[in-house]
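What follows is a set of notes on a single structure, which appears directly below.
Since this is a predicted model, take the numbers as computed values, not measurements. These numbers come from the heavy atoms of this one structure, side chains and all, not from hydrogens, waters or symmetry mates.
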Amino acid sequence: AQTGRTTQRRQEEEESERATGGHGSSGSQCPAGSPANLPHNRGLERALEEAAASGVLNLSCRKLKEFPRTSANHDLSDTVEADLSKNRLADVPSEVCHLVALETLNLYHNCIRTIPDSIISLQSLTSLNLSRNQLGSLPVCLCGLPLRVLNASNNKLVSLPETIGQLHSLMELDISCNEITALPRHIGRLKALRELNVRRNLLCVLPEDLADLPLVKFDFSCNKVSTIPVCYRKMKQLQSLQLENNPLQSPPAQICIKGKVHIFKYLSIEAKMPDSLYLPAMERPGLTRPTTGRSVIEGVSLFPSRLKCVFSSCERPVAVCGSAWRYLSCFLVAVVFLRTHKSLESVDPQFTMRRKMEQLREELELMEQLRDLIESRLKVVLPEDLSSSLMDGVVLCHLANHIRPRSVASIHVPSPAVPKLSMAKCRRNVENFLDACKKIGVSEDKLCLPHHILEEKGLVKVCITVQALVEEGSPKHSALT
């Protein structure tokens with residue numbers, strides 16, 4: 001598995017190099033006519049002379065194992081940019097740490113295993129590229145530099161220093177293609193961070209503190225993350241989010257593939273749902289949310305991908321299927337009930353929470369049956385928000401006419417010019433539907449009231465009415481009457 005991971009990483013690096021073609025990310029071949037293709041000593045001398053004159057030192061692609069000894073013959077004290085990429089350096093040369101005016105240092109694609117503490121002397125350094133080396137760790141002293149860009153990708157890092165939060169000016173951090181298992185807890189202190197790349201590591205959990213950062217780009221693809229923290233919905237400046245190749249459960253895969261907007265909508269909805277409502281007397285072993293370990297009441301349990309209503313009388317959980325809006329609606333029913341009735345047991349000895357939760361389970365099943373009744377007979381697919389799809393009375397009137405043709409003589413329907421009916425027309429449709437139910441034979445005690453439909457507050461009663469209507473119109477019932 002490790003060999004496969006290494007091979008895949010190497011292929012990925014080579015593809016990236018061919019695509020970008022720049023220093024630190026370019027292909028392994030040096031361009032024709034570059035100083036590296038000049039005679040060795042002559043090329044080094046010219047590069048050192050140019051650095052002394054321009055402040056830019058380019059020693060890339062020279063197969064160097066150490067810093068040129070002839071550098072002592074040149075004044076490099078004003079060097080602000082140094083490129084030592086694609087060499088064979090095993091350490092950061094001590095001569096580099098003496099270039100105190102250095103602002104940009106590129107050590108890409110060497111064999112560097114450690115960073116010396118003397119690098120702390122580079123107090124003007126704002127950009128450091130350490131990618132594609134053999135680093136097993138980053139020194140604490142690195143966090144004392146005024147870095148704005150730090151690239152430590154394609155190394156052997158297993159962790160980051162806890163003091164990384166001291167890099168208050170850091171705007172870009174790339175630690176992709178390493179073996180990091182967790183991000184340090186102080187990473188949330190990087191208040192200037194705009195781009196974070198942790199791709200292809202071993203991360204299982206994303207820190208919630210990242211939500212407070214002004215991230216514009218965030219890549220955590222190819223890790224082991226199963227849950228995106230709900231607080232990430234606060235990342236208002238985020239423009240690019242890469243999360244593929246993770247075993248994500250919350251949000252579920254079908255949400256993630258739709259992109260950032262849908263992911264954030266899901267997180268916003270889940271943020272409105274309490275993880276648990278704790279009732280000690282009704283706690284049931286085994287019903288815990290894996291990510292938090294908190295206890296969940298017997299009646300309502302919120303899982304990362306769906307809401308389940310669980311009752312002791314059921315042999316298996318009852319799952320409320322559909323979109324997140326329907327989960328929220330069902331969950332809020334339970335929340336409102338619990339808040340309203342939490343003291344009833346002390347008032348009425350006959351009252352039990354278990355009985356009320358059983359009632360809630362039955363109501364949820366009725367609502368599912370209502371959807372099935374309408375969809376199967378009218379051959380339509382109703383919107384996820386069932387209440388709002390029925391409130392104008394149009395669907396219900398069509399259902400009545402399906403049960404008994406022309407039982408509703410006139411139906412007000414939306415048009416392209418007026419896509420939404422007025423409340424007066426909605427009320428007329430609803431009243432016509434209820435009149436049709438009476439004519440067909442639905443008894444008064446099974447008839448809902450107009451406001452149950454119009455105000456979306458009595459879906460259970462509407463279900464009872466529709467069930468009675470369907471029964472009255474069934475062939476078996478007609479034969480008996």
Side-chain angles (χ1 to χ4, degrees), residues 9-38 40-52 54-71 74 76 79-99 101-116 118-119 122 124-136 138-139 142 145 147-157 172-178 195 197:
R9 177 189 295 181
R10 187 178 297 113
Q11 292 173 347
E12 188 174 276
E13 292 166 359
E14 291 171 355
E15 291 174 1
S16 177
E17 290 168 2
R18 287 195 296 270
T20 56
H23 284 303
S25 301
S26 60
S28 58
Q29 297 297 322
C30 295
S34 68
N37 294 318
L38 297 173
H40 186 68
N41 290 338
R42 180 183 169 191
L44 284 178
E45 286 303 308
R46 177 176 293 185
L48 294 171
E49 289 172 2
E50 290 178 353
S54 67
V56 178
L57 176 62
N58 186 354
L59 296 177
S60 177
C61 298
R62 295 179 183 275
K63 301 180 180 179
L64 296 177
K65 294 184 178 180
E66 61 181 12
F67 203 75
R69 296 179 181 179
T70 56
S71 64
H74 302 272
L76 302 178
T79 303
V80 295
E81 183 178 334
D83 186 353
L84 282 79
S85 63
K86 299 182 181 176
N87 284 293
R88 299 175 182 175
L89 301 173
D91 301 291
V92 178
S94 59
E95 294 86 348
V96 171
C97 297
H98 295 153
L99 305 178
L102 208 57
E103 297 177 2
T104 301
L105 176 58
N106 188 355
L107 295 169
Y108 165 79
H109 208 326
N110 279 278
C111 306
I112 299 172
R113 296 179 182 275
T114 58
I115 305 295
S118 55
I119 199 171
L122 303 180
S124 296
L125 193 65
T126 58
S127 178
L128 176 60
N129 191 342
L130 298 170
S131 61
R132 202 162 184 181
N133 279 281
Q134 298 179 25
L135 295 170
L138 297 178
L142 205 63
L145 299 176
L147 292 174
R148 294 184 181 177
V149 178
L150 174 59
N151 188 342
S153 63
N154 292 286
N155 278 280
K156 298 179 179 179
L157 301 177
E172 298 179 22
L173 176 60
D174 188 345
I175 49 174
S176 59
C177 301
N178 280 285
E195 299 183 17
N197 189 345

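Between Ser127 and Leu147, the closest heavy-atom pair is N-CD2, 4.1 Å. Residues Asn151 and Ser153 come closest through the heavy atom pair OD1-OG, 2.8 Å. When all heavy atoms of Asn87 and Leu59 are compared, the pair lying nearest together is ND2-O, 2.9 Å. Here the closest heavy-atom approach between residue Leu48 and residue Pro68 is recorded as CD1-CB, 4.3 Å. For Thr104 against Leu125, the heavy-atom pair with the smallest separation is N-CD1, 3.8 Å.
A donor-acceptor pair under 3.5 Å is formed between the side chain of Ser60 and the backbone N or O of Ser85. Listed for the Asn110 side chain is no donor-acceptor partner under 3.5 Å among the backbone atoms of Asn133. Counting only distance, with no hydrogens or angles, the side chain of Asn154 and the backbone of Cys177 share no donor-acceptor pair below 3.5 Å. Panel note: side chain Asn106, backbone Tyr108; a donor-acceptor pair is recorded below 3.5 Å.
Put simply, the side chain of Asn58 does not reach to within 4.5 Å of the side chain of Glu50, judged on heavy atoms. Contact of the Val149 side chain with the Thr126 side chain is not registered, since no non-hydrogen atoms from C-beta on lie closer than 4.5 Å. Considering only heavy atoms from C-beta on, Pro93 comes within 4.5 Å of Leu84 through its side chain. The shortest side-chain heavy-atom distance between Val92 and Cys97 falls under the 4.5 Å cut-off. Leu99 has its side chain within reach of Leu76: a pair of non-hydrogen atoms, C-beta onward, lies under 4.5 Å apart.
Interatomic distance, Glu45 CD to His74 NE2, rounded to the nearest 0.5 Å: 4.0 Å. Rounded to the nearest 0.5 Å, atoms CG (Asp83) and CZ (Arg62) are 10.0 Å apart. Glu172 CD to Arg148 CZ: the interatomic distance, rounded to the nearest 0.5 Å, is 11.0 Å. Note: Asp174 CG to Asn129 CG = 8.5 Å, rounded to the nearest 0.5 Å. Distance check, rounded to the nearest 0.5 Å: OG1 of Thr114 to CG of Leu138 gives 11.5 Å. In this structure, CG in Leu128 is found 6.5 Å from CG in Leu107, a value given to the nearest 0.5 Å.
Applying the salt bridge (charged side-chain N to carboxylate O under 4.0 Å, His left out) criterion to Glu66, with sequence neighbours excluded, gives Arg69. For Arg88, there are no side-chain hydrogen bond (donor to acceptor under 3.5 Å, both in side chains) partners at least two apart in sequence or on another chain.
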